[in-house]
Amino acid sequence: MDLDWNDDQRAILDALRVLLDQHAGQERAAELARDDAYDTALHAALADAGYLEISLADDAGLLEAAMLVDAVAGAAGSVSIGASALIAPALVGAVPPDPVALARAGERGPVRFGAHAAQVLVDDGDEARLVELGDRRGEPVETNYALPMGRLPDPLPAGRSLGAGSSARLRRLWRLALAAECHGAMRAAMDLTARYVSERRQFGRAIGSFQAIQHRFAECEVRVQGGRWLMLEAAHQGAPAGAVELAAGYATRTALQVFNELHQFTGAMGFTREHPLHTWTLRLQLLRLELGGPGMHYRQAARVRWGRAARGGTR
Amino acid sequence: MDFDWSDDDLAFRAELRAFVAANLPEDWAKISSEGPGGADLVAFSQGFCEKLAERGWLTQHWPAEFGGRDASAWRHQILGEEMWGNAEPRGPRYMTVNWVGPSIMHFGTEEQKALHLPRIARGDVVWCQGFSEPGAGSDLAALRTSAIRDGDDYVVNGSKIWTSYVNHADYCYLVARTDPDSRGRQGISAILLPMDLPGIELREIPGLLGKKYFHEVFLRDVRVPIACRLGPEHDGWGVVTYTLAYERVGAAHYDRAARVLDAIAAEAGRKGLLESDAILERLGEARAAIEVARLLTYRVIDLREKQSPPTPDTNLARVAGTWAVRMTGDLLLEVFGAEGLVYGSEADAYFRLSQWAGVASGTTEIQLNLIAGHQLRLPRE
């Protein structure tokens with residue numbers, strides 16, 4: 001047991017922060033969100049520096065990949081970091097060069113990066129499939145939720161099966177990446193808002209000095225930090241069934257609470273584009289829906305733990 | 001970062017589990033149904049703790065010079081999980097080894113160490129904690145119990161309330177105001193009070209949580225030698241703070257909650273309730289809350305093992321632990337139904353005791369205040 005980053009992990013994080021300071025951040029995210037654009041430059045910078053391959057290195061794995069996804073989300077990156085750096089490498093053993101979308105067979109709603117992806121990882125019941133879109137790219141949809149979304153071609157090309165049972169692994173990795181991405185965005189939004197309520201004054205005092213705000217903020221802090229440990233332990237253990245569903249369930253349920261509370265604390269200002277809170281919070285509304293949302297994550301966690309007695313439902 | 005237990009730790013846990021299985025009697029559920037302070041459990045805990053001490057497990061995390069084995073904080077946490085997870089067969093003595101001993105090691109004189117630590121390490125002494133007063137609950141610094149110097153003694157007057165285990169205690173870890181002109185955190189001292197001194201009276205307070213659970217202690221002209229003071233005179237707030245950092249995560253409530261949640265799922269299965277999406281979701285959510293409490297507690301243990309001073313992680317862990325217990329207790333009653341309201345039934349004891357998780361050992365609101373101030377650094381008024 002050692003719950004601090006080791007020297008190697010700290011060195012990776014330090015170097016990564018330098019890159020993210022240069023290529024990502026709130027202003028960059030706001031600029032991209034205006035046009036529902038994908039951050040091709042950030043994607044390339046992460047790829048060139050070798051970060052997308054982090055989980056394939058001899059001395060690293062899913063924990064380092066989760067750390068990366070968390071950090072990129074914290075810097076408000078508009079890239080398919082979870083799919084590109086955590087899910088695809090672990091599932092197919094290689095890093096796709098272009099943006100990757102995630103989809104579930106039979107669901108036709110818009111998905112993250114649906115109009116920018118060259119490849120799609122599809123959860124198709126028992127098996128996962130890797131679909132090359134070639135010239136048949138998705139159609140963008142206009143969205144308010146920070147990350148670009150699009151509708152994938154319908155029907156999707158069949159693509160390549162990743163083997164019997166591979167979809168379960170895809171869902172586990174997807175849930176881990178979701179938890180990491182939620183955490184990064186929530187942490188940044190919490191830090192921003194802690195500063196805001198310390199400076200914003202009403203009734204002659206900083207609003208963050210009111211207990212009505214302090215207790216609710218502290219409750220969010222317990223959940224954000226608790227969810228971080230769930231996510232990191234699940235990553236360290238290789239994304240096992242049970243742990244990842246708990247991590248995703250806790251992260252996505254916390255995401256809604258954090259969204260609601262931080263926007264409440266920030267008042268009308270938080271609903272403007274001039275205040276940066278939206279950079280991190282709007283994407284939480286998108287992330288919390290994936291793979292069925294917190295209720296589905298929790299039900300699946302219960303089925304994993306209590307096995308035969310709890311059979312029924314799906315995924 | 002590494003979440004794996006060492007092979008030695010895994011072997012220790014396995015050995016400990018076998019020991020517990022072999023040493024808990026058949027009527028253990030009944031013995032433990034009144035919590036760690038129940039009379040039957042207190043009586044049982046003496047022999048049980050002596051066996052733990054014989055194996056060197058009771059205070060293994062203490063330094064060898066005080067009867068320990070210099071074992072890691074992690075090793076003591078494994079003991080705590082296997083004990084609390086089994087309804088705490090150490091009874092009130094868990095508290096004694098968790099924080100009374102370490103506090104005496106940190107602040108005590110050589111005489112105090114020589115007197116108290118060997119007894120605690122043998123498991124043959126019970127302590128209680130004399131902190132709360134009728135006018136000083138969450139606001140502990142408002143305490144009024146006085147200890148005024150008179151020759152070689154302090155003369156103690158006042159009262160303490162909600163004093164768990166006091167009806168079985170040999171000693172009380174008392175905080176009192178030694179400077180009568182002081183207010184707030186100034187002028188307080190910690191005193192290691194023998195409970196057999198003249199002038200100490202107990203009153204049982206009928207409570208909702210079980211039989212003989214709450215007590216009030218009256219102290220009338222109790223003469224206690226000045227040599228019983230722990231740490232600096234008038235400057236005991238630091239002693240209290242140090243103590244509370246250990247106390248707040250001293251009991252591995254999450255481990256018991258995890259075992260109870262498994263029992264809830266089994267009962268739900270027998271009743272066909274696992275077909276219900278709502279029950280499944282709540283089981284999953286409770287499981288997540290328990291795992292969060294475990295991991296936030298592990299962070300505290302990790303920092304303790306690294307000799308870090310106390311951090312707000314302790315408060316985070318405490319709040320998460322309370323949520324986990326409450327969520328588990330609430331679900332327990334819903335799944336077991338009215339049978340859980342029958343005193344002494346399978347579901348009764350845990351639900352009964354779970355209800356005050358947010359009050360015992362410091363309210364959730366105080367933990368949230370501390371998180372807001374020390375972790376989030378939100379401004380004071």
Side-chain angles (χ1 to χ4, degrees), chain A residues 1-6 9 63 67 190-191 194 197-199 205-211 213-223 225-230 232-233 236-237 242-243 245-247 249-250 253 294-306 308-313, chain B residues 1-6 9 72 74 77 261-262 265-266 268-270 274-275 277-289 291-296 298-299 301-303 305-306 312-313 315-320 323 364-365 367-373 375-381:
Chain A
M1 288 278 184
D2 181 354
L3 304 190
D4 283 310
W5 298 120
N6 64 31
Q9 290 161 339
L63 180 59
M67 181 177 85
M190 292 276 289
D191 293 345
V197 300
S198 299
E199 291 162 5
R205 53 194 269 203
I207 60 172
S209 69
F210 288 101
Q211 213 169 41
I213 287 181
Q214 290 198 343
H215 281 191
R216 286 154 57 195
F217 215 135
E219 287 176 349
C220 289
E221 180 70 15
V222 175
R223 290 192 61 102
Q225 290 222 26
R228 173 177 183 263
W229 291 116
L230 277 183
L232 292 173
E233 186 183 55
H236 179 264
Q237 292 172 342
E245 288 83 358
L246 293 178
Y250 201 81
R253 187 142 286 168
M296 185 67 93
H297 302 314
Y298 280 147
R299 291 195 290 278
Q300 185 57 21
R303 290 188 190 103
V304 170
R305 181 160 183 87
W306 293 291
R308 267 179 310 187
R311 245 172 245 251
Chain B
M1 192 172 286
D2 181 2
F3 293 84
D4 289 335
W5 294 104
S6 70
D9 286 342
S72 71
W74 291 111
Q77 190 65 16
L261 195 65
D262 286 341
R270 284 191 289 273
L274 293 179
E275 306 296 320
D277 276 0
I279 292 290
L280 274 183
E281 184 173 334
R282 290 186 61 193
L283 281 167
E285 185 158 31
R287 178 77 193 161
E291 288 291 85
V292 161
R294 175 178 65 82
L295 287 162
L296 285 170
Y298 282 7
R299 179 53 172 162
I301 305 302
D302 183 53
L303 291 167
E305 177 66 13
K306 292 167 179 165
D313 291 278
N315 311 109
L316 297 170
R318 175 82 200 166
V319 172
W323 288 347
T364 302
E365 285 72 13
Q367 310 302 321
L368 295 174
N369 282 349
L370 293 167
I371 294 165
Q375 176 75 24
L376 293 163
R377 302 194 179 283
L378 298 186
R380 287 170 173 271
E381 193 175 331

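Protein chains get the first letters and strands the later ones, always in sequence-line order, with residue 1 at the start of each. Note that the structure is predicted; figures quoted are calculated from it, not measured.
Residues Arg299(B) and Gln225(A) have side chains not in contact (no heavy-atom distance under 4.5 Å, counting atoms from C-beta outward).
Distance alone, capped at 3.5 Å, is enough to place a donor-acceptor pair between the Gln9(A) side chain and the Met1(B) backbone.
Residue contact with chain A, scored on non-hydrogen atoms closer than 4.5 Å, involves the backbone and the side chain of Asn369(B) alike. Using a 4.5 Å cut-off between heavy atoms, Asp2(B) contacts chain A through both its backbone and its side chain. For Leu261(B), the parts sitting under 4.5 Å from any heavy atom of chain A are the backbone and the side chain alike. Contact annotation for Glu285(B): both backbone and side-chain heavy atoms come within less than 4.5 Å of a heavy atom of chain A. With a threshold of 4.5 angstrom between heavy atoms, Arg282(B) does not approach chain A through any atom at all. Both the backbone and the side chain of Phe217(A) come within contact range of chain B, with heavy atoms under 4.5 Å apart. The contact between Leu63(A) and chain B is made entirely by side chain atoms (from C-beta outward), counting heavy-atom distances below 4.5 Å. When heavy atoms are compared at a cutoff of 4.5 Å, Arg380(B) approaches chain A solely by way of its backbone atoms N, CA, C and O.
Aromatic ring pairs are classed by plane angle as parallel below 30°, tilted from 30° to 60° and perpendicular above 60°; the pair Phe3(B) and His236(A) is tilted.
To the nearest 0.5 Å, atoms CG (Asp277(B)) and CE (Met296(A)) are separated by 8.0 Å. Note that CD of Gln211(A) and CG of Leu368(B) are 8.5 Å apart. Values are rounded to the nearest 0.5 Å. Note that CZ of Arg294(B) and CD of Glu233(A) are 4.0 Å apart. Values are rounded to the nearest 0.5 Å. Once rounded to the nearest 0.5 Å, the distance linking CD of Glu365(B) with CD of Gln214(A) reads 13.0 Å. Leu283(B) CG to Tyr298(A) OH: the interatomic distance, rounded to the nearest 0.5 Å, is 12.5 Å. The CD atom of Glu221(A) lies 7.5 Å from the CD1 atom of Ile371(B); values are rounded to the nearest 0.5 Å.
Contact count versus chain B (heavy atoms, under 4.5 Å) is highest, among His297(A), Arg305(A), Met190(A), Glu219(A), for Arg305(A). Comparing Arg287(B), Lys306(B), Glu291(B), Arg270(B) by heavy-atom pairs within less than 4.5 Å of chain A, the highest count is held by Arg287(B). Each of Ile279(B), Leu303(B), Asp4(B), Asp9(B) has some count of heavy-atom pairs under 4.5 Å with chain A, and the biggest count is that of Asp4(B). Ranked by heavy-atom pairs shorter than 4.5 Å toward chain B, the options Gly208(A), Gly227(A), Gly249(A) are led by Gly208(A). Interface remark: of the candidates Val197(A), Leu232(A), Asp4(A), Asn6(A), Asp4(A) forms the most heavy-atom pairs closer than 4.5 Å to chain B.
Here the shortest heavy-atom pairing between Ala320(B) and Val222(A) reads CB-CG1, 4.0 Å. Pairing each heavy atom of Glu281(B) with each of Gly295(A), the nearest pair is CD-CA, 3.5 Å. Counting all heavy atoms, side chain and backbone alike, Ala302(A) lies closest to Gly284(B) at CB-N, 4.1 Å. Closest of all the heavy-atom pairs between Asp2(A) and Asp302(B) is CA-OD1, 3.7 Å.
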#### Entry: Verdict with supporting geometry, Leu3(A) and Ile301(B), side-chain contact (heavy atoms from CB on, under 4.5 Å)
CA-CA 10 Å; Leu3(A) 304 190; Ile301(B) 305 302; over 6 Å; no
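In Arg205(A), the CZ atom is crowded: over 12 heavy atoms of neighbouring residues, nucleotides or ligands sit closer than 6.0 Å.
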